[in-house]
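Remember, it's 1-based here, ligands and their atoms both numbered in the order they're listed. The first residue of the sequence shown is numbered 1, and numbering continues consecutively from there. Only heavy atoms go into these numbers, but all of them, side chains included; no hydrogens, no water, no symmetry mates.
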Amino acid sequence: MALNILILGPQGAGKGTQAKRLSASYGIPHISTGDMLREAIANGTELGQRVKPILESGELVPDELMIELIRERLSEPDAAEGFVLDGFPRTFAQAEALEPMLREIGKPLSAVLVLQLPEDVAIERLLRRAELEGRTDDTPETIRTRLDLFRKKTEPLVEWYRIRSNVVPIHGDRTENEVFAEIEQVLDRLEESAA
Ligand code: AMP
């Protein structure tokens, strides 16, 4: 069974880490819009130059741009095997645009995994990551902006998906291995019920 997974959660919840592990263990591509944008910036492409100041401020890249980016990415052949989407959608407009795209490629979401984490823990983890990795978008000011945007624009999508998909809350305030074990259990149950 192809797994078409969306992973949602605040910055610092470990989305990227879990998505990478999922990608490796289920053999599906990890589609991270944040990684795609950072790569464009590192390569100095036109897109990269355009989005660099936006990422540095912690704001969101305009919906139209993101929707086009993801449309192109999902049309690549590897996405036909399934995917783990990380960082998209982040707004209602993006979620609404994603629906027909997934229908077109015949890949409805198998599950929406919501990594849940208290905000103070998310802040603490982001500050630590800022020190360790030196990500230019992890400063105390941008962390505040990004978490506010998550709460205002992205978190309401959980409710939106609840009546459209299979929303599964995951307790994110645990070790990486514990969180991954829970995700594996959820996905194994999904595969069993589809078999
Ligand atoms: P992330 O690594 O997912 O936290 O993304 C890093 C930054 O890229 C975000 O703070 C936004 O500036 C931008 N970004 C990534 N994905 C999106 C999206 N779906 N919509 C708007 N901006 C995005």
Side-chain angles (χ1 to χ4, degrees), residues 4-23 29-75 79 83-102 109 112-117 119 121-158 160-161 165 170 172 176:
N4 314 318
I5 305 295
L6 168 60
I7 189 158
L8 273 179
Q11 291 80 358
K15 273 186 320 256
T17 309
Q18 298 296 336
K20 280 192 191 84
R21 288 185 66 164
L22 265 173
S23 162
H30 172 207
I31 302 183
S32 155
T33 45
D35 284 353
M36 288 162 77
L37 296 172
R38 280 184 290 274
E39 196 181 308
I41 293 173
N43 293 334
T45 64
E46 205 182 313
L47 170 72
Q49 288 174 20
R50 191 156 161 209
V51 301
K52 187 167 189 268
I54 306 178
L55 264 79
E56 283 175 353
S57 67
E59 299 289 339
L60 292 178
V61 172
D63 285 332
E64 315 80 74
L65 231 170
M66 293 311 303
I67 290 166
E68 268 329 294
L69 191 71
I70 211 76
R71 188 190 304 285
E72 278 171 27
R73 182 62 189 87
L74 286 173
S75 70
F83 48 79
V84 46
L85 252 186
D86 159 18
F88 186 100
R90 262 177 155 91
T91 63
F92 280 121
Q94 294 180 13
E96 277 160 5
L98 181 63
E99 293 286 281
M101 281 185 225
L102 295 180
L109 293 175
V112 177
L113 304 178
V114 184
L115 280 181
Q116 298 185 317
L117 189 79
E119 184 150 305
V121 180
I123 293 174
E124 215 175 278
R125 287 196 188 174
L126 288 169
L127 288 171
R128 202 162 346 119
R129 185 166 83 185
E131 267 174 40
L132 292 176
E133 296 178 13
R135 250 175 72 162
T136 53
D137 58 346
D138 278 348
T139 65
E141 305 81 69
T142 57
I143 286 171
R144 172 64 47 212
T145 307
R146 286 154 68 218
L147 287 173
D148 280 352
L149 282 169
F150 174 77
R151 207 166 347 133
K152 289 201 193 100
K153 306 255 179 169
T154 310
E155 204 163 36
L157 295 182
V158 176
W160 191 85
Y161 274 118
S165 186
I170 306 281
E176 186 189 314

Next on the checklist: Treating Glu176 as the side-chain partner and Gln18 as the backbone partner, does any N or O pair qualify as donor plus acceptor under 3.5 Å?
Outcome noted: no

Checklist entry - Is it true that a side-chain atom of Gln116 and a backbone atom of Gly9 form a donor plus acceptor pair closer than 3.5 Å? => result no

Tabulate below the donor-acceptor pairs under 3.5 Å that side-chain atoms of residues 59-66 make, not counting sequence neighbours, or state none.
{"residue": "Asp63", "atom": "OD1", "partner": "Thr91", "partner atom": "OG1", "Å": "2.9"}
{"residue": "Asp63", "atom": "OD1", "partner": "Gln94", "partner atom": "NE2", "Å": "2.9"}

Checklist entry - Near ligand 1, which residues have a heavy atom under 4.0 Å away from one of its atoms? => result Thr33, Gly34, Leu37, Arg38, Leu55, Glu59, Leu60, Val61, Met66, Gly87, Phe88, Arg90, Gln94, Arg135, Asp137, Arg146

Item to check | Partners meeting salt bridge (charged side-chain N to carboxylate O under 4.0 Å, His left out) with Glu68 (sequence neighbours left out) | outcome: Arg71

Checklist entry - Asp148: what forms a side chain to side chain contact (heavy atoms under 4.5 Å, CB included) with it, not counting sequence neighbours? => result Arg144, Arg151, Lys152

Item to check | Euclidean distance, Leu74 CG relative to Leu102 CG, rounded to 0.5 Å | outcome: 6.0 Å

